[in-house]
Chemist: 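Dumping the structure here so I can ask a few things about it.
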Protein chains: 4
Amino acid sequence: MRAGILDAAARLLLAEGMGSFTIERVAELAGASKMTIYKWWPSKGALALDGYFTTVEATLAFPDTGDLEADLTAQLVAFVGLLTGTSAGRVIAELIGQAQTDPELAAAYRHRYSSPRRELAVERLRRSQDSGQLRHDVDLQVVVDQLWGACYHRLLLPDQPLTEQFARDLVHNLMHGLLTPP
Amino acid sequence: MRAGILDAAARLLLAEGMGSFTIERVAELAGASKMTIYKWWPSKGALALDGYFTTVEATLAFPDTGDLEADLTAQLVAFVGLLTGTSAGRVIAELIGQAQTDPELAAAYRHRYSSPRRELAVERLRRSQDSGQLRHDVDLQVVVDQLWGACYHRLLLPDQPLTEQFARDLVHNLMHGLLTPP
Amino acid sequence: MRAGILDAAARLLLAEGMGSFTIERVAELAGASKMTIYKWWPSKGALALDGYFTTVEATLAFPDTGDLEADLTAQLVAFVGLLTGTSAGRVIAELIGQAQTDPELAAAYRHRYSSPRRELAVERLRRSQDSGQLRHDVDLQVVVDQLWGACYHRLLLPDQPLTEQFARDLVHNLMHGLLTPP
Amino acid sequence: MRAGILDAAARLLLAEGMGSFTIERVAELAGASKMTIYKWWPSKGALALDGYFTTVEATLAFPDTGDLEADLTAQLVAFVGLLTGTSAGRVIAELIGQAQTDPELAAAYRHRYSSPRRELAVERLRRSQDSGQLRHDVDLQVVVDQLWGACYHRLLLPDQPLTEQFARDLVHNLMHGLLTPP
DNA sequence: CGATAACCGAGACGGTACGTCCCGTCTTCTC
DNA sequence: GAGAAGACGGGACGTACCGTCTCGGTTATCG
């Protein structure tokens, strides 16, 4: 029953987005009772998130070829591709949006998705820092916000397009700095 | 009447957040009819945004002392201060959240707030680029995402704290790059 | 809209009885919103009663031919005919049943139906008492319970059948007493 | 287990009335499973009735002193006392109310309570009829409705109060008739 | 200056979804 | 192997807002 509900939730979410995502419609689609849903998920956002990640489970493994710049670029290009090439972008944006007024969803998103991702990235960065490639005084968490956070920014506040070139620029800018070399 | 409605909207928004922000409650608070509100605002998000900026109108002028790094740091520190020191942070986060499923609000936010801000920042950056301080191959819009976008990231997905040090790190990282100098 | 709702309520009540009488179904049948119903009726029983009497409005005028015994018999025979010959019997029984746990309905039933009926009967009886036909020490309200109340008893607790003969017996017993004349 | 369930049912019924009488709450109170209850009682009304009579078991034996009028008066006064002096009145009213839409309860009430009571009364009356005190053409079942039925009427449709005097009047009216003696 | 139009408050209305409660059935696990 | 524990689909409850829609009464403009 849990599986059926999650499946129905994912189907509804991908087909119609959070705007039409309703506990009643999920229950109907899943042939389940609303009570059953309320028993297991604290909010509709939490259900949407759970349904989304259970079926989609984007794996985006983090490459480590030794060339940090290439690895980061590859990862970010893939991330941008996911956000723009599939319906994942809209769904993630709507989930994050919902999370702003749904603490349960916010917590779930953090524990389930965003924290582990940050950690993966930090680990990869730390290896380069340990090998002396990156400066030792750099707070690697900040780096994450300047790369992936920048992508989320363009996803959520789409003033400017989210392109592969954007992903490449992010890495290049941050690696080499903006200042004209002396 | 417009003024009264905007005032009521702002009061409600600051007092209870988007979760309780309802056109009916705004109408009641303002002593206005719902029809009047619908006549002037296309969605509750647009009203919330309008109410917020009409009363708060954060001005955050962009300094230009000639020292780009200092100017950016000052600006970002002030921005972080706004987001964390007042109720503006929560309100902005909830507005952006709402905008994910409210196209009217998204457009309004873009035209009214985020685009002009980007442009101000880009102009300041361009002056430094023109003067040769910044590399000429840098896309300045990307820089905006790597500074302000990173702040929004920590606002909307608060895995990591949004501190003054974070703001300083953003500028330093990006200006000088992460790579260990040869 | 009130009229449409009352009509729908009456149709549902007569067609399916109180068991299926649901505010949601009335709303659906009437093409009305549940809120509209809740705005005007304090309970589903009150709505059922209102719907019932608005459309049925049993008039059962009280005859006064001068012959009390004949008048009472005629009235009671007609009453029994209404209770057994139409669907009114079941509906009234269910309304009274519902009223046992629905104070709003109980009050409505009393003011709207049962009190005026008692009064009509008492008036007719009083005329006979004034003319000396009935003993002056008789509490006429008690008489009502011994005639109509007895019918309700057989309606609500159907151990014994509710027949025309029963109606006739009620009047005869009470008029002449049970004791063997000396 | 049966005993525990009946006890819980009775406690709940007396404490909160039929409005809050729920199979789930009885199960919880009794520490029993709902299945167990459904195995033994066909409806919640049947359970309520069973619980009520198992613990209360009003005995109200029927006196026979040879003086019919005194016996009937004593019995009815006691009956009215039960209905008004204890919580039995409300419970019985609610049970009869529930029975209007619960056939299982209606049947149970009839077999368990109302039929035997009628029979007791009829037997007492028949003895007086056999002894020539009562007229032979009187249908004794009708008499029951004109005495006890009248009390139920005032219980279920409380337009007029249910008093000891009422009980006395019932007997006197019916015994002696209403007509002014010639 | 008085008629006439626009505007706006008030709030009713059909809807949709909410989150809760209880029904009657069922499975599971324990004693 | 009976029974507690409780999950489950179903359906109604009463509430909150949505966005649309009349109503009147008050302004404010124009004849």
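Everything numeric here is computed off the predicted structure, so don't read it as measured data. Each chain gets a letter, A, B and so on, in the order its sequence line appears, and its residues count up from 1.
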Chemist: Are any of the side-chain heavy atoms of D/Leu49 and D/Gln98 separated by less than 4.5 Å?
Modeler: no
Chemist: Toward the 5' end of DNA chain F, which comes first, C/Phe21 or B/Pro42, by nearest nucleotide?
Modeler: C/Phe21
Chemist: Tell me which nucleotide among E/dT20, F/dC18, F/dC13 gets nearest to the side chain of C/Ile23.
Modeler: F/dC13
Chemist: Mind checking what makes salt bridge (charged side-chain N to carboxylate O under 4.0 Å, His left out) contact with A/Lys34, not counting sequence neighbours?
Modeler: A/Glu24
Chemist: Does the side chain of C/Leu47 reach to within under 4.5 Å of the side chain of C/Ile5, using non-hydrogen atoms?
Modeler: yes
Chemist: How many whole angstroms separate atom CE of C/Met18 from atom P of F/dA12?
Modeler: 14 Å
Chemist: How many Å lie between CZ on B/Arg25 and P on F/dT15, as a whole number?
Modeler: 17 Å
Chemist: Among E/dT20, F/dG19, E/dC23, find the nucleotide with the atom closest to the side chain of D/Lys44.
Modeler: E/dC23
Chemist: Starting at atom CD of D/Glu24, determine the distance to atom P of F/dA12, rounded to an integer number of angstrom.
Modeler: 17 Å
Chemist: To the nearest angstrom, how far is A/Glu28 atom CD from E/dA17 atom C1'?
Modeler: 12 Å
Chemist: Could you tell me the separation between the CG atom of D/Leu29 and the P atom of F/dA5, rounded to a whole number of Å?
Modeler: 13 Å
Chemist: Distance check needed: F/dC13 P versus C/Asp102 CG, whole Å only.
Modeler: 12 Å
Chemist: With a 4.5 Å limit on heavy-atom distance, are the side chains of C/Trp41 and C/Leu105 in contact?
Modeler: no
Chemist: Between protein and nucleotides 7-11 of chain E, what N or O pairs are separated by less than 3.5 Å?
Modeler:
unit_1: E/dG9; atom_1: OP2; unit_2: B/Ser33; atom_2: N; d: 3.2
unit_1: E/dG9; atom_1: OP2; unit_2: B/Thr36; atom_2: OG1; d: 2.8
unit_1: E/dG9; atom_1: O3'; unit_2: B/Gly31; atom_2: O; d: 3.2
unit_1: E/dA10; atom_1: N7; unit_2: B/Ser33; atom_2: OG; d: 3.0

Chemist: In terms of ring plane angle, is the pair D/Tyr113 and D/Phe53 parallel, tilted or perpendicular, where the classes change at 30° and 60°?
Modeler: parallel
Chemist: Given side-chain contact (heavy atoms from CB on, under 4.5 Å), test A/Tyr52 with A/Glu94 step by step and report yes or no.
Modeler: CA-CA 12 Å; A/Tyr52 180 66; A/Glu94 290 174 343; over 6 Å; no
